[in-house]
Amino acid sequence: MPGFVPHPLASRTLTRLADATQTLLGVIVMLALTILVSQTCEAVSVAPTIALNDKSTTVELWPSATFLHDPESKLGIADVIAAPDKFTTLKSAYATLGLRQKVMWLHIPISLATGSHENWILDIDYALLNHADVYLINEGKVISEARLGIAQPQAMRPMPSRSLAVELNFKPGANHTLILRIDTPGAMILPITLNSHSAFHARALNEQMLQGLLTSLVLCLFLYSLLQWLSLREPLYIKYAILIFGSGLFSVHFFGIGEQYLWPDGSWIGNHAAGLSSLLAAFGTSLFVADVLGADMSPRLRIAIRVVAAIFFVAAIAYTLNIIDIYIVSIVMSVIGTLPSLLGVPGAVARVRRGDTTGAYFLAAWVTYAIASVIMIGVVRGAIGANFWTLHSFQIGATVDMLIFLRIAVLRSAAVHRAAQQATLEHDALLSLAHTDPLTGLLNRRGLQATLLAALPKATPQYILAVYFLDLDQFKPVNDQHGHDVGDELLVVAASRLRATMRAGDAVARLGGDEFVVMATGLHGEKQARELGHKLLDAFRLPFSLTQHTCTIGITIGYALAPTDSNDAIGLLKNADAAMYIGKQNGKNCVQRIGVALASAE
C-alpha cells in the first residue's frame, strides 16, 4: 500500500487520495466519515483559562486555544503580546487546523495554583511540524522560549524526545500566557498537552513500546521476505520486501523515531524519508499486485500497472538524486498513488468468483487501506479530530495490510509449490507410461533400454551384469484354447512370479507377446549368473492358478554377461536372444548361454 507524503506537501497528496478513496468505498465509508466528522468538528466558543495544580497530570490545551493568522509572516512575539484581542476562536476538528499555508499563532491562558509544582512539560505529539516556536509569557514579558520542529537537529532540541517537547517553569499563583508560533507547509496537527514529568515519561514510554513492537514486526516481516526470496528464489517475496521497507520507513519517519534515533542531525534521509518511503511503498505494491493478480487482469490493466510501477521507480530515483523535489513527488502520489490497489480490484473480484481466497484477502486489504486513508486524510484536512486512534489509523491499517499481503504471498507460494508438484507427478506419470508395459506393469522395451544404459557403466569383471531373455513354452496353446483374456491373465501372473523371484534392485521387462527380459546387476562371476538362471527356470515348474483355469507352462532362457559377452545394451540383448533361440532348438525348458548348454530339459 502506498504511504503518505505528510511533509511538506502531504496535505495536497492526502486530499486527492481521500477523494479517490471516498468515491470508491461509496456509501458505507462516507457514512462512517460523516459520523466521525459530526463527533469531532465542534466550534470552540470560549477560551477558558487552563488551571494547573498538583492534581493535574496531563492537561489538554486545545480547548483553551485561540488563533491568529499571520499570512505574510510579519508578526513578531512583541506584536502578538501587544494584541491579545486579535486572537479568535476557530471552527475545526479537535487538535487539527488542517491545511494552513500560512503562519498560525496560538494563544493559551494558563494559571498555576499556589503551592503547586512549577515544572511542566509541553508536548506536541506530532513530530512533522517544521517549526514550532514556544513562548511563555508572564506579566507581558517572555520568561522562556524554545524552538521546536523537525527542521531542528535533535541535538539542538530542548528535549531529545520523539515528539516535540520542552520543559516550562511556571510561577505558582500567577497567570501566564502560552504562545505558539506554528510554521509548516503541511498539515497543522496540534495535539498539545501540558504534563507532569511522570505522566510525560509514562506516555512517552508507552508510545515507544508501541512503535518498537510495530517496527520490530515490520523488521521481522522484511527479513522473513528476504530470506524466503533467497531460499525459494520466489520473486514475489522481494517485491513484498520493497513494499514492507517503504511502509516501515514511512511509519518510522511519521512518528519521529527516525529523527530521534536513526538520523538525528537532520541528514539527507530525514529530508527525503517522506517522499522516498511513499514512492517505494507504491512501487512495491505495484509489483506485488501485478505478480499476484496479473493472470486475472486484462492485458490493458497488466500494461497499466507495469507503467505505474515504472513511474514510481523513475520518480524514486529522480527524487533520490534531487532531480525532482517533494512537490513533484506529491503530484505523482496524488495522481496515481492509489492506482496499484485499484487496478488489482478486478482481478481480485475474478478470483473471489472462482472461490480463490487470495482475491478475498486482497479485497480485505484494499478496504482496510482505504478506510485508514480516509481517517488519516480527514485529520490532515481538519475534518476529523486528532487523537491516538486517528493519528495511528494509517499505521494500524498498514500493519494489517502487510500481514494480509504476507498471507497472500504464502498462499501464492503454496499454490506455485503445488503446481510444481502436480507438474512433477504428471511428468513422472507420463514417463512411467512411456516406459511401462500396460498389461503387466513391467518395464517395456524403452524402459529396459534406459535401465540397461544406466547400469552398464557400473559393470566390471568383479561385479558383472547379466541379461536373461525368456520365452514362455506352451503359451500359444493356452491362448488358443482358452482365449486372449485367459492368456493375458497368464502373462500377468507370470510377470508377478518373475518379480517375486528377482532381487529388489533387478529389472524385469516384457518386450511383447510372451517374451520377457530380466536384468541382474552386481553378480560375483558366471557361477552366480548361472544359478540365477536356474532359479528363474525353477520358478515356472509349478502350475499357474488363474481365475477359472490352472495352466502349466515352461520357460526357455538365454542369457549374456557384461562386460564379458558385450558391453552395450543392443549387443547383450542380441546375444541373450540368440542363446534363447538355441535353447528352443535344443528342446526348450532350459538355460542357455551362446556356445554353452547349461541345463537341458529333464
> Are side-chain heavy atoms of Phe405 and Leu221 found at a separation under 4.5 Å?
Replying inline: no
>> Under a 3.5 Å threshold, yes or no: a donor from one side chain and an acceptor from the other, between His131 and Gln152?
In response: no
>> For the backbone of Gly248 and the side chain of Ser251, can you confirm whether one donor and one acceptor N or O come within less than 3.5 Å of each other?
In response: no
>> Contact between Ile238 and Leu287 at the side-chain level, heavy atoms closer than 4.5 Å - yes or no?
In response: no
>> Ring-plane angle category for Trp268 and His272, please: parallel below 30°, perpendicular beyond 60°, tilted otherwise.
In response: parallel
>> If I compare all heavy atoms of Leu106 with all of Ala65, which pair ends up nearest, and what's the gap?
In response: CD2-CB, 4.4 Å
> Can you find a heavy atom in the side chain of Asp296 that is under 4.5 Å from one in the side chain of Arg354?
Replying inline: yes
> Do you know the tightest heavy-atom contact between Leu276 and Tyr319?
Replying inline: N-CE2, 3.6 Å
> How would you list, by chain and number, every residue that makes a salt bridge (charged side-chain N to carboxylate O under 4.0 Å, His left out) with Asp291, sequence neighbours excluded?
Replying inline: Lys239, Arg412
>> Tell me whether Ser161 contacts the main-chain N or O of Ser163 through its side chain, where contact means a donor paired with an acceptor under 3.5 Å.
In response: yes
> Got a donor-acceptor contact below 3.5 angstrom from the Arg351 side chain to the Leu293 backbone?
Replying inline: no
>> Determine whether a donor-acceptor pair (N or O, by modelled atom type, separation under 3.5 Å) exists between the side chain of Ser277 and the backbone of Ala274.
In response: yes
> Does Leu213 reach the side chain of Met209, with side-chain heavy atoms less than 4.5 Å apart?
Replying inline: yes
> Does Ala151 offer a backbone N or O that forms a donor-acceptor pair with the side chain of Asn130 under 3.5 Å?
Replying inline: no
> Taking it one step at a time, do Gln260 and Gln208 satisfy side chain to side chain donor-acceptor pair (under 3.5 Å)?
Replying inline: CA-CA 11 Å; Gln260 185 178 13; Gln208 293 281 14; 2.9 Å; yes
>> Are Phe394 and Phe250 an aromatic pair, judged by ring center distance below 6.0 Å?
In response: yes
> For Arg203, which of Thr193, Thr57, Asp125 qualifies under side-chain hydrogen bond (donor to acceptor under 3.5 Å, both in side chains)?
Replying inline: Thr193
> Below 4.5 Å, heavy atoms only, C-beta onward: do Val379 and Leu391 meet side chain to side chain?
Replying inline: yes
> Under 4.5 Å between any side-chain heavy atoms of Asp123 and Phe200, yes or no?
Replying inline: yes
> Which heavy atom of Ala360 sits nearest a heavy atom of Val352, and at what distance?
Replying inline: N-CG2, 3.3 Å
> Is there a donor-acceptor pair under 3.5 Å between the side chain of Thr390 and the backbone N or O of Gly385?
Replying inline: yes
> Are the side chain of Arg162 and the backbone N or O of Gly256 linked by a donor-acceptor pair below 3.5 Å?
Replying inline: no
> Taking the six-membered ring for Trp, are Tyr126 and Phe254 parallel (under 30°), tilted (30 to 60°) or perpendicular (over 60°)?
Replying inline: perpendicular
> Is the shortest heavy-atom distance from the side chain of Phe288 to the side chain of Ile408 under 4.5 Å?
Replying inline: yes
>> Which heavy atom of Ala132 sits nearest to which heavy atom of Leu164, and what is that distance?
In response: CB-CD1, 4.5 Å
> Does one side chain, of Gln228 or Tyr240, offer a donor that lies under 3.5 Å from an acceptor on the other?
Replying inline: no
>> Does any part of the side chain of Leu129, heavy atoms only, come nearer than 4.5 Å to the side chain of Ile182, both counted from C-beta?
In response: yes
> Can Gln395 and Leu214 be said to form a side-chain contact (heavy atoms from CB on, under 4.5 Å), step by step?
Replying inline: CA-CA 9 Å; Gln395 187 180 33; Leu214 294 179; 3.4 Å; yes
